[in-house]
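Input: a single structure, listed below in structure tokens.
Just so you know, these numbers come straight off a predicted model, no measurement behind them.
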Amino acid sequence: MHKLLKQEYGELHWWPAETVDQVILGAILTQNTSWNNVRLAMNNLSKAKLDSIDAIASLPVEEIKKYIKPAGFFNQKSVYLKEICTQIRKEGGISRLEKMSDKDIEAFLIKIKGVGKETMQDIMLYAFKRNVFVVDKYTERLFSRIGIIKPGMKEAHRLGKEIENSMSLEDLNNFHGEIVEISKSICKARPECGVCFLRNNCSYEKDFTEP
DNA sequence: CACCAGGAATGTA
DNA sequence: TACATTCATGGT
């Protein structure tokens with residue numbers, strides 16, 4: 001699958017962000033939220049020069065809310081953003097975390113309130129360049145709808161670990177981007193549906209015998 | 001106007 | 001451990 005998708009999309013240089021700090025902030029903001037809304041929120045932060053770990057760590061929660069409103073869930077996400085930025089700074093910043101082992105960074109991230117499995121994987125791969133295969137909802141739909149796993153995030157994570165152990169960092173980076181990109185495009189096999197077969201509201205959701 | 005988006009915390013059994 | 005509920009804006 002990755003080979004075919006690579007031919008289609010080439011080098012994606014994925015995670016749409018300019019800086020490492022933006023990757024981390026975006027990973028929180030995109031939780032169950034369309035990327036367009038995340039972009040609106042990120043633009044608000046960027047224009048105010050608040051799109052950094054240090055800036056958010058020293059900004060009151062009520063202030064953060066004003067900027068990230070378009071991304072939704074702002075009451076929780078404002079707290080989550082402040083929390084992860086504060087923790088990273090307490091640990092010595094990005095430069096200190098970069099030197100740690102994969103397992104140590106994972107342990108550090110997962111105990112932060114607001115950082116679950118998917119968000120942790122986004123940060124591991126795209127901020128710290130570690131060999132991680134990101135499993136999100138698109139990934140679970142792809143795997144289950146072409147019939148290589150039974151539906152469910154747990155199953156997707158199990159297969160994800162196998163993939164992770166057999167692919168290079170560069171390919172893992174591209175592969176996740178490819179899965180998101182194809183999920184946002186219109187299904188070529190059945191264009192009359194109007195959406196990609198990886199979308200939740202695809203009208204052929206119950207019929208994927210011919211991927 | 002109903003539904004959904006690149007999740008995670010919390011509560012219940 | 002395994003589900004259900006809650007959170008909220010903007011696009012289709």
Side-chain angles (χ1 to χ4, degrees), chain A residues 1-2 5 9 12-17 22-45 61-62 64-85 87 106-127 132-145 150-160 163-164 172-187 191-206:
Chain A
M1 282 193 287
H2 167 58
L5 290 166
Y9 293 113
L12 287 174
H13 303 294
W14 221 67
W15 197 278
Q22 283 184 6
V23 172
I24 294 172
L25 301 179
I28 299 287
L29 290 173
T30 197
Q31 290 171 358
N32 202 43
T33 302
S34 66
W35 185 259
N36 184 55
N37 285 3
V38 175
R39 193 170 44 74
L40 296 174
M42 191 68 75
N43 281 344
N44 288 342
L45 292 174
V61 168
E62 290 304 317
I64 301 176
K65 286 184 190 177
K66 296 179 187 173
Y67 296 94
I68 68 167
K69 217 163 230 174
F73 305 111
F74 50 81
N75 285 310
Q76 348 178 30
K77 287 179 180 174
S78 56
V79 174
Y80 295 165
L81 284 172
K82 176 128 183 164
E83 181 62 16
I84 190 172
C85 292
Q87 292 300 326
E106 274 192 24
F108 166 76
L109 289 172
I110 205 68
K111 70 184 179 194
I112 298 171
K113 182 178 289 188
V115 178
K117 211 156 190 176
E118 275 86 334
T119 305
M120 180 200 76
Q121 292 181 330
D122 285 336
I123 296 174
M124 289 295 287
L125 177 58
Y126 292 108
V132 169
F133 177 76
V134 176
V135 177
D136 59 6
K137 203 157 285 182
Y138 285 153
T139 309
E140 187 275 335
R141 286 188 202 138
L142 172 63
F143 289 172
S144 62
R145 288 179 184 185
K150 286 180 287 190
M153 294 304 292
K154 204 174 172 184
E155 278 287 291
H157 277 288
R158 185 186 53 70
L159 180 52
I163 293 171
E164 179 175 301
L172 288 167
N173 180 314
N174 279 313
F175 196 17
H176 178 62
E178 287 155 8
I179 292 172
V180 175
E181 287 304 320
I182 196 177
S183 297
K184 294 199 287 195
S185 66
I186 293 176
C187 177
E192 70 275 16
C193 180
V195 298
C196 177
F197 82 109
L198 297 177
R199 283 283 171 186
N200 191 39
N201 56 347
C202 174
S203 56
Y204 290 97
E205 191 170 351
K206 303 292 179 190

State the [atom1]-[atom2] distance between [X] and [Y], to the nearest 0.5 angstrom.
| X | Y | atom1 | atom2 | answer |
| --- | --- | --- | --- | --- |
| A/Asp136 | A/Leu142 | CG | CG | 10.0 Å |
| A/His13 | A/Asn173 | NE2 | CG | 9.0 Å |
| A/His157 | A/Thr139 | NE2 | OG1 | 8.5 Å |
| A/Asn200 | A/Ser183 | CG | OG | 11.5 Å |

Determine all donor-acceptor pairs shorter than 3.5 Å in which one atom belongs to a side chain in residues 111-120 of chain A; sequence neighbours excluded.
residue, atom, partner, partner atom, Å
A/Thr119, OG1, A/Gln31, NE2, 2.9

What nucleic acid atoms does [X] come within less than 4.0 Å of, heavy atoms only: base, sugar-phosphate, or nothing?
| X | answer |
| --- | --- |
| A/Asp122 | base |
| A/Glu118 | sugar-phosphate |
| A/Lys65 | nothing |
| A/Lys117 | sugar-phosphate |

Between the protein and nucleotides 3-5 of chain B, which nitrogen or oxygen pairs are less than 3.5 angstrom apart?
residue, atom, partner, partner atom, Å
B/dA5, OP1, A/Arg141, NH2, 2.7

- Query: Closest nucleotide of DNA chain B for A/Val115 versus for A/Trp14: which of these residues is on the 5' side?
  - Reply: A/Trp14
- Residue closer to the 5' end of DNA chain B, A/Ile110 versus A/Lys184 (nearest nucleotide): A/Lys184
Tabulate protein N/O versus nucleotide N/O from nucleotides 10-13 of chain B, keeping only pairs under 3.5 Å, one per line.
residue, atom, partner, partner atom, Å
B/dT10, OP1, A/Lys113, NZ, 3.3

- Query: Do A/Phe133 and A/Leu159 pass the side chain to side chain contact (heavy atoms under 4.5 Å, CB included) test, and can you show the C-alpha distance, the side-chain angles, and the key distance before you say yes or no?
  - Reply: CA-CA 10 Å; A/Phe133 177 76; A/Leu159 180 52; over 6 Å; no
Spacing between [X] atom [atom1] and [N] atom [atom2], to the nearest angstrom:
| X | N | atom1 | atom2 | value |
| --- | --- | --- | --- | --- |
| A/Ile112 | B/dA9 | CD1 | P | 11 Å |
| A/Asp136 | B/dA8 | CG | P | 10 Å |
| A/Gln76 | B/dG7 | CD | P | 13 Å |

- Going by an N to O cut-off under 4.0 Å, is there a salt bridge joining A/Arg158 and A/Glu155? yes
- Query: In whole Å, what separates the P atom of C/dG10 from that of B/dA8?
  - Reply: 22 Å
- Task: Between B/dC4 and C/dT5, how far apart are the P atoms? Round to whole Å, please.
- Result: 15 Å
- Contacts of A/Phe73 that satisfy ring pair (Phe, Tyr, Trp, His ring centres under 6.0 Å) - sequence neighbours left out: none
- Item | 5' to 3' contact window, DNA chain C with chain A (heavy-atom distance under 4.0 Å) | C/dA2 to C/dG11
- Message: Test of understanding: with side chain to side chain contact (heavy atoms under 4.5 Å, CB included), list the residues that count as partners of A/Lys65, not counting sequence neighbours.
- Response: A/Val61, A/Glu62, A/Phe74, A/Asn75, A/Ser78
- Do A/His2 and A/Ile163 pass the side chain to side chain contact (heavy atoms under 4.5 Å, CB included) test, and can you show the C-alpha distance, the side-chain angles, and the key distance before you say yes or no? CA-CA 11 Å; A/His2 167 58; A/Ile163 293 171; over 6 Å; no
- Residue pair A/Trp14, A/Val180: steps toward the side chain to side chain contact (heavy atoms under 4.5 Å, CB included) verdict: CA-CA 10 Å; A/Trp14 221 67; A/Val180 175; 3.9 Å; yes
